[in-house]
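Worth saying up front: this structure is predicted, and the values here are computed from it rather than measured.
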Amino acid sequence: MNPVILEFDNRLAEHLAADRLYYRSTFWSKVDKGVAILLLLFGVLLISLIGLSWWTVACFPLALLEWFNLLSFRTLQIRFFFKRNPKFLEKYHLSFSDSGIHFKTSSLESKLAWSHYTHVLENKRILLLIYGPRMYTVIPTRVFSSAEQHEQFLSLVRKHVPGSLSTTA
């Protein structure tokens, strides 16, 4: 099988999307939904016991923000570190083959074994090769030159990464 060769520049929007995709796959996304429901119920309880007040009604927008994970500082963190991390300013040259992954930028070059990755997440916009908690390689789907190249890449991933390929919206 011929290697799949990808070249691309990193984009902040894709790294933010990657974080959202990763977050949705974690236990904490379910905890946040539960907290949002508890906030909503607490708001209803406060209104029924005390009546309408700005602080009894405050539970409702907080519940909504928590439901959509908008109270997290993670987005700000990603924005801050993305702009200050030199590796994201360089063009990525990646080659995927049965023998492994060759990663190259203008300042570094490395060879990774497929065993470095534990599982994969994908949606229509990005693919994450995950190797640890909140540690992943972001592959934007826009960088595939054709549907055939994308399918060849997925075939390599299915063959070499032990975790099954999870597709989400």
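- Ring planes of Y92 and F8: tilted class, angle from 30 to 60°.
- Within a 6.0 Å radius of CZ in F42, no more than 12 heavy atoms belonging to other residues, nucleotides or ligands are found.
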Q.
What verdict does the side-chain contact (heavy atoms from CB on, under 4.5 Å) test give for L6 and Q149, after you've listed the backbone C-alpha separation in whole Å, the side-chain angles of each residue and the deciding distance to 0.1 Å?
A. CA-CA 10 Å; L6 304 175; Q149 186 188 39; 3.8 Å; yes
Q: Might you work through the side-chain contact (heavy atoms from CB on, under 4.5 Å) test for R24 and N123, ending with a clear yes or no?
A: CA-CA 11 Å; R24 284 196 307 269; N123 64 17; 4.1 Å; yes
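- Donor-acceptor pairing under 3.5 Å is lacking for the side chains of W28 and T26.
- Atom NZ of K83 has 12 or fewer neighbouring heavy atoms from other residues, nucleotides or ligands inside a 6.0 Å radius.
- Expressed to the nearest 0.5 Å, how far OG of S25 lies from CD1 of I130 amounts to 5.5 Å.
- Taking the six-membered ring where the residue is Trp, the centroids of F153 and F96 are separated by under 6.0 Å.
- Linking Ile, Leu, Val, Met, Phe, Trp and Tyr whenever their side-chain heavy atoms come within less than 4.5 Å puts I101 and L108 in one cluster.
- E14 has a carboxylate O that lies under 4.0 Å from a charged side-chain N of R142, or vice versa, which qualifies the two as a salt bridge.
- Scanning all heavy atoms of the two residues, the minimum distance from P86 to R84 falls at CD-O, 3.4 Å.
- No side-chain heavy atom of P162 sits under 4.5 Å from any side-chain heavy atom of T118.
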Q: Given side-chain contact (heavy atoms from CB on, under 4.5 Å), test L156 with V4 step by step and report yes or no.
A: CA-CA 9 Å; L156 279 168; V4 175; 4.0 Å; yes
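- When hydrophobic clusters are built by joining Ile, Leu, Val, Met, Phe, Trp and Tyr residues whose side-chain heavy atoms come closer than 4.5 Å, directly or via intermediates, V157 is grouped together with M135.
- Here CZ of R20 is found 8.5 Å from CD1 of I78. Values are rounded to the nearest 0.5 Å.
- A distance of 8.0 Å separates CG of L112 from CZ of F103, quoted to the nearest 0.5 Å.
- Cluster annotation: Y23 is not connected to L16 through the hydrophobic network of ILVMFWY side chains, with a link wherever side-chain heavy atoms come within less than 4.5 Å.
- In this structure, L49 is a member of the same hydrophobic cluster as W54, with clusters built from ILVMFWY side-chain heavy atoms closer than 4.5 Å.
- Looking at every heavy atom in both residues, H116 comes nearest to Y131 through O-CB, 3.2 Å.
- At least one side-chain heavy atom of V138 sits under 4.5 Å from a side-chain heavy atom of H15.
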**Q.** Test side-chain contact (heavy atoms from CB on, under 4.5 Å) applied to K159 and D98, step by step
**A.** CA-CA 9 Å; K159 184 176 178 182; D98 283 322; 3.2 Å; yes
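- Looking at heavy atoms from C-beta onward, Q152 lies in side-chain contact with N2 at the 4.5 angstrom threshold.
- Side-chain contact between S146 and E151 is absent, with no heavy-atom pair separated by less than 4.5 Å.
- Counting only distance, with no hydrogens or angles, the side chain of E66 and the backbone of P61 share no donor-acceptor pair below 3.5 Å.
- The line from NZ of K124 to CG of L21 is 13.5 Å long, rounded to the nearest 0.5 Å.
- For the residue pair Y117/T137, the side-chain donor-acceptor check at 3.5 Å is satisfied.
- Across all their heavy atoms, L39 and A63 have their closest contact at CB-CB, 3.8 Å.
- Using a 4.5 Å cut-off on side-chain heavy atoms (C-beta onward), L129 and Y136 make no contact.
- The two atoms that bring G43 and C59 nearest to each other are CA-CB, 3.6 Å, heavy atoms only.
- Ion pairing between a basic and an acidic side chain is recognised when a charged N comes within 4.0 Å of a carboxylate O; K104 and E7 show no such pairing.
- Here the straight-line distance linking atom CG of L94 with atom OG1 of T105 works out to 10.0 Å at 0.5 Å rounding.
- No continuous path of hydrophobic side-chain contacts links L62 to L52 [ILVMFWY only; heavy atoms under 4.5 Å].
- Looking only at atom types and distance, the side chain of E109 has no donor-acceptor partner in the side chain of H93 under 3.5 Å away.
- Rounding to the nearest 0.5 angstrom, the gap separating the OG1 atom in T75 from the CG atom in L70 is 8.0 Å.
- Closest heavy-atom contact between H150 and T141: NE2-CG2, 4.2 Å.
- At a threshold of 4.5 Å between non-hydrogen side-chain atoms, the residues L121 and L127 do not count as touching.
- Contact check for R134 versus D19: side-chain heavy atoms found under the 4.5 Å cut-off.
- For CZ of R79, the number of neighbouring non-hydrogen atoms (other residues, nucleotides, ligands) closer than 6.0 Å is 12 at most.
- The heavy-atom pair separating I5 from S95 by the smallest distance is CG1-OG, 4.0 Å.
- Between L46 and W55 there is a side-chain heavy-atom pair separated by less than 4.5 Å.
- Judged by distance alone, with hydrogens and angles left aside, the side-chain atoms of K91 form no donor-acceptor pair with the main-chain N or O of D9 at under 3.5 Å.
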